Amino acid sequence: ETGVTQTPRHLVMGMTNKKSLKCEQHLGHNAMYWYKQSAKKPLELMFVYSLEERVENNSVPSRFSPECPNSSHLFLHLHTLQPEDSALYLCASSQDPHGLNTEAFFGQGTRLTVV
Amino acid sequence: QQQVKQSPQSLIVQKGGISIINCAYENTAFDYFPWYQQFPGKGPALLIAIRPDVSEKKEGRFTISFNKSAKQFSLHIMDSQPGDSATYFCAAGGSYIPTFGRGTSLIVHP
């Protein structure tokens, strides 16, 4: 266990559904991340939260909506997704995104399938 | 724009052989270069990392070689084992949010 827990592990949703992915870390980290991992593509950084404030958004479509209510929890709200959004969604945390120790601890991911 | 280029995309090695994965970066402000290992069904996990003040770091069978002037770094896996079969990602970061390479799928045949 890395200390980063993601739920659910698997999710199948229709294009008109609304669902949420959850991530939880109790490592005392200040930064949390959402990554998208598709086959044969680099890990795509979607959102970064540092001290509960969003510090980076790489122009992700608005059908993905993050929420960070506190430093231990991170959500990714999904609505009206497309089949090409099917991927493994990884949550990660680190001590400080702009500090010396930038080791990222990843959760096991949520395998999302959009039908 | 891909800031970290990783090669090869896939690698097949016989048990006991040496696996070598290469990465190149562009941003000279990067000062932390980790390698992550990912097994199927798991998230990536830190394997070994290096900072640019040294040219080599070794941990067991895993070695990072770093060439600052060429802006390149590589992972060497000595005496490769079937259990090393996984996807390996290089990354670069430090004062910046880590940027990952595309990944290398390593298969070690028994």
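A quick note: this is a predicted structure, and the numbers were derived from the prediction, not measured. Below, chains carry the letters A, B, ... as their sequence lines are ordered, and counting in each starts from 1.
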Query - Aromatic ring proximity B:Tyr88/B:Tyr36, centre distance under 6.0 Å - result: no

What part of [X] lies closer than 4.5 angstrom to a heavy atom of chain B: side chain, backbone, both or neither?
X	answer
A:Leu90	side chain
A:Gln6	neither
A:Arg9	side chain

Query raised in the report: Crowded around A:Glu53 CD? As in, over 12 foreign heavy atoms under 6.0 Å?
Result: no

Query raised in the report: Taking the inter-plane angle between the rings of B:Phe100 and A:Tyr35 on a 0 to 90° scale, is it parallel (under 30°), tilted (30 to 60°) or perpendicular (over 60°)?
Result: perpendicular

Query raised in the report: Is the shortest side-chain N to carboxylate O distance from B:Asp79 to B:Lys15 below 4.0 Å?
Result: no

